[in-house]
Amino acid sequence: MSKLDQILVLDPPVDLKFKGPFTDVVTTNLKLKNPSDRKVCFKVKTTAPRRYCVRPNSGVIDPGATVIISVMLQPFDYDPNEKSKHKFMVQTIFAPSTVSDMDSLWKEAKPDDLMDSKLRCVFELPSENDKVNDVEATKAAPVMNSAKSDSSASSVPLTASLDDPEMKKVMEKCKRLQNEMNKMTDENRQLKDEGVRMRKVPRSDHMTSNSTSLLGREASTASLPSLLVVIAAIFIGFFLGKFIL
């Protein structure tokens, strides 16, 4: 006869997670639900009985009922190599119509009547974010106490009073950086304009001097024939007058 499948529904189904630090008792709950229409007896076992305290570690679950098991890990020095070595087993059996002696029931149970589920223990150390949150919570506790004792304290939530200064600092820094960027942009634009203007000025002066000299030469060239005509007229008039007189 094949072994029976586990009738209970376990939550969590695979891993029992314990979150450190493990300097104090760490408790994890295991939920056992009986979806059948019969009473089910259960027993919780572990490979490290000295490390854990299980309450309750055995009992009877009525049809459709749920039992919550508290698994308490005792304080110890954490060893990363030990994080997956501990295991639990939930062993179950259908209860007879009358249950008088649980010990005798388990001793006399046939292997084919037993059902079991195995769970692995997982140890988790707190992350850096959790450590920061714990430190902030520790710092916030005196602030909350002082706020309660001070009758003139405002009704602003503690989280807002803690966050506002930080937000203001960030906003002021952003504005300062924005102003510096705008200032650097304006200076860069001015330098570009001055460079363009400096490149244009010599060229315009040169063009102006060239056009002035050109106009002078054209004016002198244009006035030269007129001057020659005047001189020629004077000489002609002088000679004509001399011959006539």
Side-chain angles (χ1 to χ4, degrees), residues 1-138 140-141:
M1 184 177 179
S2 61
K3 188 175 181 180
L4 297 176
D5 293 333
Q6 176 64 267
I7 190 64
L8 297 183
V9 177
L10 279 63
D11 182 21
V14 178
D15 295 336
L16 284 176
K17 295 183 180 181
F18 299 88
K19 192 169 185 178
F22 304 101
T23 56
D24 201 354
V25 176
V26 181
T27 302
T28 295
N29 291 330
L30 173 63
K31 186 183 296 185
L32 304 180
K33 182 179 180 180
N34 180 11
S36 70
D37 55 357
R38 298 174 59 183
K39 289 184 178 182
V40 176
C41 299
F42 72 90
K43 181 190 294 186
V44 181
K45 298 180 179 180
T46 179
T47 57
R50 294 183 179 181
R51 291 285 186 89
Y52 300 91
C53 182
V54 182
R55 293 291 182 272
N57 61 355
S58 63
V60 179
I61 306 177
D62 293 330
T66 300
V67 173
I68 296 178
I69 310 297
S70 295
V71 182
M72 292 163 279
L73 173 62
Q74 303 304 305
F76 72 104
D77 293 331
Y78 175 71
D79 182 3
N81 297 324
E82 205 175 19
K83 64 181 180 179
S84 298
K85 287 185 177 181
H86 299 171
K87 292 179 175 61
F88 274 80
M89 181 174 70
V90 178
Q91 200 170 38
T92 58
I93 187 174
F94 285 111
S97 56
T98 57
V99 181
S100 57
D101 188 356
M102 295 291 295
D103 292 336
S104 299
L105 175 66
W106 289 108
K107 288 179 181 179
E108 297 174 359
K110 298 178 181 180
D112 294 337
D113 294 336
L114 295 176
M115 301 168 282
D116 61 67
S117 298
K118 295 180 181 179
L119 298 96
R120 182 184 60 174
C121 296
V122 177
F123 300 155
E124 296 180 347
L125 286 176
S127 62
E128 292 298 326
N129 292 334
D130 294 336
K131 292 181 181 178
V132 172
N133 292 334
D134 292 341
V135 171
E136 290 181 352
T138 304

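Just so you know, residue 1 is the first one in the sequence shown, and it goes up from there. Only this structure's heavy atoms are used, side chains among them; waters, hydrogens and symmetry mates stay out.
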- Note on the structure: Separation between CG (N34) and CG (D62), nearest 0.5 Å, reads 8.0 Å
- Message: Run I93 and W106 through side-chain contact (heavy atoms from CB on, under 4.5 Å) and show every step you take.
- Response: CA-CA 8 Å; I93 187 174; W106 289 108; 3.8 Å; yes
- So CZ of F88 and OG1 of T47: to nearest 0.5 Å the spacing works out to 7.5 Å
- Within a strict 4.5 Å, meaning less than it, do heavy atoms of the T28 and L73 side chains meet? no
- Task: Would you check if S58 and V44 make a side-chain contact, meaning some heavy-atom pair closer than 4.5 Å?
- Result: no
- Distance-minimising heavy-atom pair for I7 and P35: O-CD, 3.3 Å
- Query: Is any side-chain heavy atom of S70 less than 4.5 Å from a side-chain heavy atom of V54?
  - Reply: no
- CZ/R55 to OG1/T27 distance, rounded to the nearest 0.5 angstrom? 12.0 Å
- From CG (L30) to CD1 (I68), nearest 0.5 Å: 9.5 Å
- Query: When rounded to the nearest 0.5 angstrom, what distance separates CG in L16 from CG in N29?
  - Reply: 10.0 Å
- Message: Tell me the closest heavy-atom pair linking L105 and P96, and the distance in Å.
- Response: CD1-CD, 3.9 Å
- Item | side chain to side chain donor-acceptor pair (under 3.5 Å) partners of S97, counting only residues at least two apart | none
- Note on the structure: When every non-hydrogen atom of L4 is compared with those of M115, the smallest separation belongs to CB-CG, 3.5 Å
- Query: Less than 4.5 Å apart, any side-chain heavy atom of L125 and any of P21?
  - Reply: no
- Message: Using the rule given for side-chain contact (heavy atoms from CB on, under 4.5 Å), can you reason through L10 versus L32, listing the C-alpha separation, both sets of side-chain angles and the distance that settles it, and then say yes or no?
- Response: CA-CA 5 Å; L10 279 63; L32 304 180; 3.7 Å; yes
- Task: Can you label the angle between the F18 ring and the Y52 ring as parallel, tilted or perpendicular, going by 30° and 60°?
- Result: tilted
- Candidate list V67, T66, L8, test side-chain contact (heavy atoms from CB on, under 4.5 Å), partner K33, passing option: T66
- For the atom pair CG (D11) and CD1 (I69), what is the distance rounded to the nearest 0.5 Å? 12.5 Å
- Side chains of Q74 and V25: closer than 4.5 Å at any heavy-atom pair? yes
- Identify the heavy atoms of V60 and M102 that sit nearest to each other, and give their distance. CG2-SD, 4.1 Å
- For a side-chain hydrogen bond (donor to acceptor under 3.5 Å, both in side chains) with Q91, tell me which candidate from K45, Q6, K43 qualifies. K45
- Message: Side chains of E124 and K17, heavy atoms from C-beta outward: is any pair under 4.5 Å?
- Response: yes
- Query: More than 12 heavy atoms of other residues, nucleotides or ligands under 6.0 Å from CG of D101: is that the case?
  - Reply: yes
- Do the side chains of I61 and T92 get nearer than 4.5 Å, heavy atoms only? no
- Find out whether K39 and P63 are in side-chain contact, i.e. whether some heavy atom of one side chain is under 4.5 Å from a heavy atom of the other. yes
